[in-house]
Protein chains: 2
Amino acid sequence: MEALTSRQQQVLDYIQASQTQHGVVPTMREIARQFGFRSMTAAADHVRALRRKGYLVHHPRAARSHSVIPAMQTMVPRSLINVPLYGTIPAGFADERTQEAERTVAIDLETLGLRPDSKIFALEVRGDSMINRHICDGDIAIIDRSRTPKQGDVVTALIDRESTLKTLEFENGRPYLRAENPHYLNLHPSHELLIQGVMVALVRRHV
Amino acid sequence: MEALTSRQQQVLDYIQASQTQHGVVPTMREIARQFGFRSMTAAADHVRALRRKGYLVHHPRAARSHSVIPAMQTMVPRSLINVPLYGTIPAGFADERTQEAERTVAIDLETLGLRPDSKIFALEVRGDSMINRHICDGDIAIIDRSRTPKQGDVVTALIDRESTLKTLEFENGRPYLRAENPHYLNLHPSHELLIQGVMVALVRRHV
DNA sequence: TCTCAGACTAGGCAAATGAACAGTTGTGTC
DNA sequence: GACACAACTGTTCATTTGCCTAGTCTGAGA
């Protein structure tokens, strides 16, 4: 894609910002006013240059008909979903409980390399039981419920009506949960092990 | 939200479809033509009803200025941006170099608690020099260039034509870069310290 | 020095467009 | 029957808006 001059970039940015903020593409006169042009031809020149270079398409003679073609958007169609973010997962959570989530996180499936049909939710990490796997208190774990857990996976499981993050291990064919911190004990379930999902990604806010 | 008549629903669907397919909202005359109305007032009446019932907003007298309000969008306004993801940041990178990024990452500004005017890019972490701060090889660091680095911040700085992630520290008022791994040496810059940005978040793909 | 493209000023035309007014028709409701 | 309202027709008007012509200025190359 042909490079833009700094002024052309400014105009493109303004059109794009106006489109997302007001939902409407600016007219030539609005562009001219925004940049202090006393003539609309200046704006028209820039828009023409942006069209020529392939950053804009438009329907001739139609009002406000410019469409920005963000390079990224056209090249990589992004699949974005909002997933619920739980502080702690209550016992027996199910799909219908989605509205109980306090917050949501926008997840880009492609960036994280996930399949579109994955069943995703997010869980805020409590404590430092997984610190040796570099999962810290306050981190947001992205959990896939549709994935079948394998040995060594970080999984979230229901223990004493609270869900905790642990590493799934096997001993003599029997699964148990290993904490990645020597101060924590491993959990050998007496009955059935209730795994809620496999951690597939992690997001950390750095203050 | 007030219910729509079937005809109003059809008009709303057409406006919405036109917006996503052509990127442009139809005019009154285009709506009329689509439905075979011989008068634009019919279209105008429907659009007016949709406005009254809260399904559309518009800027009076502005052409093609109707915006559909999908229930979801109005409830959760998300500010999502695509940021360039660099493997390594070449020396002297600047705004114009954006197109050199191999990939992009979709970032939800709200989830990460970032200001909308932040200048963000992403950097793939190489090596384990920050392992004691739980930043691993392969992690994606989200860097804000507009933030002023403070003591203790994880920053990316230009060392020997390669950018590395380090902790910013001060000794006798002079800044230096500390590695969070005892096997790595701290960097005391001889001349000027070139800090490219402050790490504000981290994303990790967990296989 | 000449040329060319980018970035503008100035003014104007014609098409595109929203909106208003005055009606008509059908459906349901009190 | 009176009334309200959705769903239209037909027409006109005032703006809004894209786009055109003509020309200036400036800096980078050839």
Side-chain angles (χ1 to χ4, degrees), chain A residues 1-19 21-69, chain B residues 1-19 21-69 94-96 99:
Chain A
M1 219 159 189
E2 200 174 342
L4 294 179
T5 68
S6 62
R7 203 56 161 161
Q8 285 163 3
Q9 184 67 53
Q10 284 174 33
V11 173
L12 184 63
D13 288 346
Y14 170 63
I15 293 174
Q16 208 155 8
S18 178
Q19 196 169 22
Q21 283 170 34
H22 309 111
V24 183
V25 177
T27 65
M28 297 296 183
R29 279 162 186 83
E30 283 168 0
I31 296 172
R33 198 185 321 137
Q34 167 72 20
F35 290 93
F37 301 158
R38 312 178 77 173
S39 166
M40 323 154 323
T41 311
D45 282 350
H46 288 127
V47 169
R48 203 174 303 135
L50 289 170
R51 280 209 305 268
R52 178 168 48 79
K53 293 183 178 179
Y55 289 83
L56 286 179
V57 287
H58 89 308
H59 306 260
R61 294 226 151 258
R64 298 177 189 271
S65 65
H66 298 277
S67 315
V68 181
I69 303 191
Chain B
M1 223 160 185
E2 200 174 342
L4 294 179
T5 68
S6 62
R7 202 57 159 162
Q8 285 164 2
Q9 186 66 54
Q10 284 174 34
V11 173
L12 183 63
D13 288 346
Y14 169 63
I15 294 174
Q16 208 153 8
S18 178
Q19 193 170 22
Q21 283 168 36
H22 310 110
V24 181
V25 177
T27 65
M28 297 296 183
R29 280 166 184 80
E30 283 168 1
I31 296 172
R33 198 186 320 136
Q34 166 72 19
F35 290 93
F37 302 158
R38 313 177 77 174
S39 166
M40 321 156 325
T41 310
D45 281 351
H46 288 126
V47 170
R48 204 174 304 136
L50 289 169
R51 279 209 304 268
R52 178 169 48 79
K53 293 182 178 179
Y55 290 81
L56 287 179
V57 286
H58 90 308
H59 305 259
R61 296 229 150 258
R64 297 177 190 270
S65 65
H66 298 277
S67 315
V68 182
I69 304 193
D95 301 74
E96 316 89 55
Q99 59 270 28

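Between dT16(D) and His59(B), no contact under 4.0 Å exists linking OP1 or OP2 to a side-chain N or O. In this model, the phosphate group of dG18(C) is not approached by any side-chain N or O of Ser65(B) to a distance below 4.0 Å at OP1 or OP2. Applying the 4.0 Å criterion to OP1 and OP2 of dC8(C), one finds that Arg7(A) has a side-chain N or O inside that range. Dashed line: the shortest gap from a side-chain N or O of His46(A) to OP1 or OP2 of dA7(C) is under 4.0 Å.
Closest-nucleotide positions on DNA chain C for Arg52(A) and Glu30(B) were compared, and the one nearer the 5' end corresponds to Arg52(A).
In this structure, the side chains of His66(A) and Met28(A) come closer than 4.5 Å at one or more pairs of heavy atoms.
Within the 4.0 angstrom heavy-atom criterion, base atoms lie near Ala42(A). Using a 4.0 Å heavy-atom distance criterion, Arg33(B) is classed as making no nucleic acid contact. Nucleic acid contact for Ala49(B): none, since no nucleic acid atom lies under 4.0 Å from a heavy atom of the residue.
In the set dC8(C), dT17(D), dC8(D), dT17(D) carries the atom at the smallest distance from any side-chain atom of Ala62(B). Of the candidates dT9(D), dC8(C), dA7(C), the closest approach to any side-chain atom of Gln8(A) belongs to dA7(C).
Atom CD1 of Ile31(B) and atom C1' of dA19(C) are 14 Å apart (whole Å). Atom CE of Met28(B) is separated from atom P of dA14(D) by 19 Å (rounded to the nearest Å).
A donor N or O paired with an acceptor N or O is found under 3.5 Å between the base of dG18(C) and the side-chain atoms of Arg29(B).
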Mind listing the N/O atom pairs, protein and nucleotides 20-29 of chain C, below 3.5 Å?
unit_1: dA20(C); atom_1: N6; unit_2: Thr41(B); atom_2: OG1; d: 3.1

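Within a 6.0 Å radius of CZ in Arg38(B), no more than 12 heavy atoms belonging to other residues, nucleotides or ligands are found.
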